[in-house]
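Read through the structure below, which is laid out as structure tokens, and then see the notes.
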Amino acid sequence: MSDCVFCKIVAGTIPSTRVYEDEATLVFMDIGQVNPGHVLVALKAHAENLYAIDDAQAAALARTCRRVAQALRDAFSPEGLSVYQANGRAAGQTVFHYHVHLLPRHAGDGMELTWPVKNPPREALEAYAGRIRERLR
Ligand code: 5GP
Ligand code: ZN
């Protein structure tokens, strides 16, 4: 897509700091660097979000995430690693080209994700699960 910033990074028409690439994926440094070593694992092909990718692309992305996560662990010795991926504006997505954040974490690093748990009764869990199961393709 001509107006997509990550397509431009894949094509090399705008600068980025590349870490790794293979046939299907590209890893580059996130310009914001929430913590040192914060990278983005993107598909080379344009796909807006998780709904738009196929099984082969999902597998390629997961494989690259696993490899690069191990290198991040060895390079930065973080206390933890957050794997973050947003779909849609309401989920916090700002670049609409499928990508996963690998974010090295340290205690007290200020990164926050609030989980406003509802702890519904078991019947609600069963009903929610049923709605999903019926629609699995
Ligand atoms: P998300 O869509 O998951 O919220 O995050 C998009 C991420 O892309 C942000 O963390 C932001 O810092 C990063 N980003 C946005 N524009 C650029 C860019 O031009 N180059 C790089 N390297 N990262 C970018
Ligand atoms: Zn794109």
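Counting convention: from 1, in listed order, for ligands and their atoms alike.
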If you have a sec, work out which protein heavy atom is nearest atom 20 (N) of ligand 1 and how many Å separate them, to one decimal?
Ile9 CD1, 3.6 Å

Give a yes or no on whether a salt bridge exists between Glu23 and Lys44, defined as a side-chain N under 4.0 angstrom from a carboxylate O.
no

Looking at ligand 1, would His99 count as a contact under a 4.0 Å heavy-atom criterion?
yes

If we only count heavy atoms from C-beta on, is the Cys7 to His97 side-chain gap below 4.5 Å?
yes

Atom of His46 nearest the Zn ion (ligand 2) (restricted to N/O/S, atom name only)
ND1

Count the heavy atoms of every other residue, nucleotide or ligand shown that sit under 6.0 Å from OH of Tyr84, and state whether that count exceeds 12.
yes

Any N or O of Gln93 that comes nearer than 3.5 Å to an N or O of ligand 1?
no

Under 4.0 Å, heavy-atom basis, I'd like to know which part of Tyr98 is in contact with ligand 1: side chain, backbone, both or neither.
neither

How far apart are the C-alpha atoms of Arg131 and Glu134, what are their side-chain angles, what is the distance that settles it, and do they pass the salt bridge (charged side-chain N to carboxylate O under 4.0 Å, His left out) test?
CA-CA 6 Å; Arg131 282 167 62 175; Glu134 282 167 18; over 6 Å; no

Considering only heavy atoms of Val5, which atoms of ligand 1 have at least one such atom less than 4.0 Å away?
19 (O)

Any donor-acceptor N or O pair under 3.5 Å, side chains Asn87, Gln85
yes

Consider every N or O of Met29 and every N or O of ligand 1, then say whether any pair is closer than 3.5 Å.
yes

Distance col, row Phe76:CZ vs His38:NE2, nearest 0.5 angstrom, shows 12.0 Å

Answer with side chain, backbone, both or neither: which part of Phe96 has a heavy atom less than 4.0 angstrom from an atom of ligand 1?
neither

Can you find a non-hydrogen atom of Gly92 under 4.0 Å from ligand 1?
yes

Would you please indicate yes or no on a ring centroid separation below 6.0 angstrom for Phe28 and Phe6?
yes

Neighbour count above 12 (heavy atom, 6.0 Å) for Asp54 CG
yes

Counting only nitrogen or oxygen atoms and a 3.5 angstrom limit, does Val95 reach ligand 1?
yes

shortest atom 6 (C) of ligand 1-to-protein heavy-atom contact is with Thr94 OG1, 3.4 Å

Do Thr64 and Val27 come close enough that some side-chain heavy atom pair is under 4.5 Å?
yes

Should you measure from each heavy atom of Gly32, which atoms of ligand 1 turn up under 4.0 Å away?
12 (O)

Closest non-hydrogen contact found for Leu103 with Val34 is CD1-CB, 3.7 Å

For His101, atoms of ligand 1 separated by under 4.0 Å from a heavy atom
1 (P), 3 (O), 5 (O), 7 (C), 10 (O)

Heavy-atom distances under 4.0 Å decide this one: backbone, side chain, both or neither, for Leu40 against ligand 1?
side chain

Opening angle at the Zn ion (ligand 2) [ND1, His97; SG, Cys7; to 10 degrees]
110°

Nearest-contact summary for atom 16 (N) of ligand 1 - protein heavy atom, Å:
Phe6 CE1, 4.3 Å

Heavy atoms only: which of Asn49, Asp30, Ile31 lies closest to atom 17 (C) of ligand 1?
Ile31

Contact region, Val34 to ligand 1, non-hydrogen atoms below 4.0 Å, reads neither

Can you find a pair of side-chain heavy atoms, one from Pro78 and one from Asn35, that are under 4.5 Å apart?
no

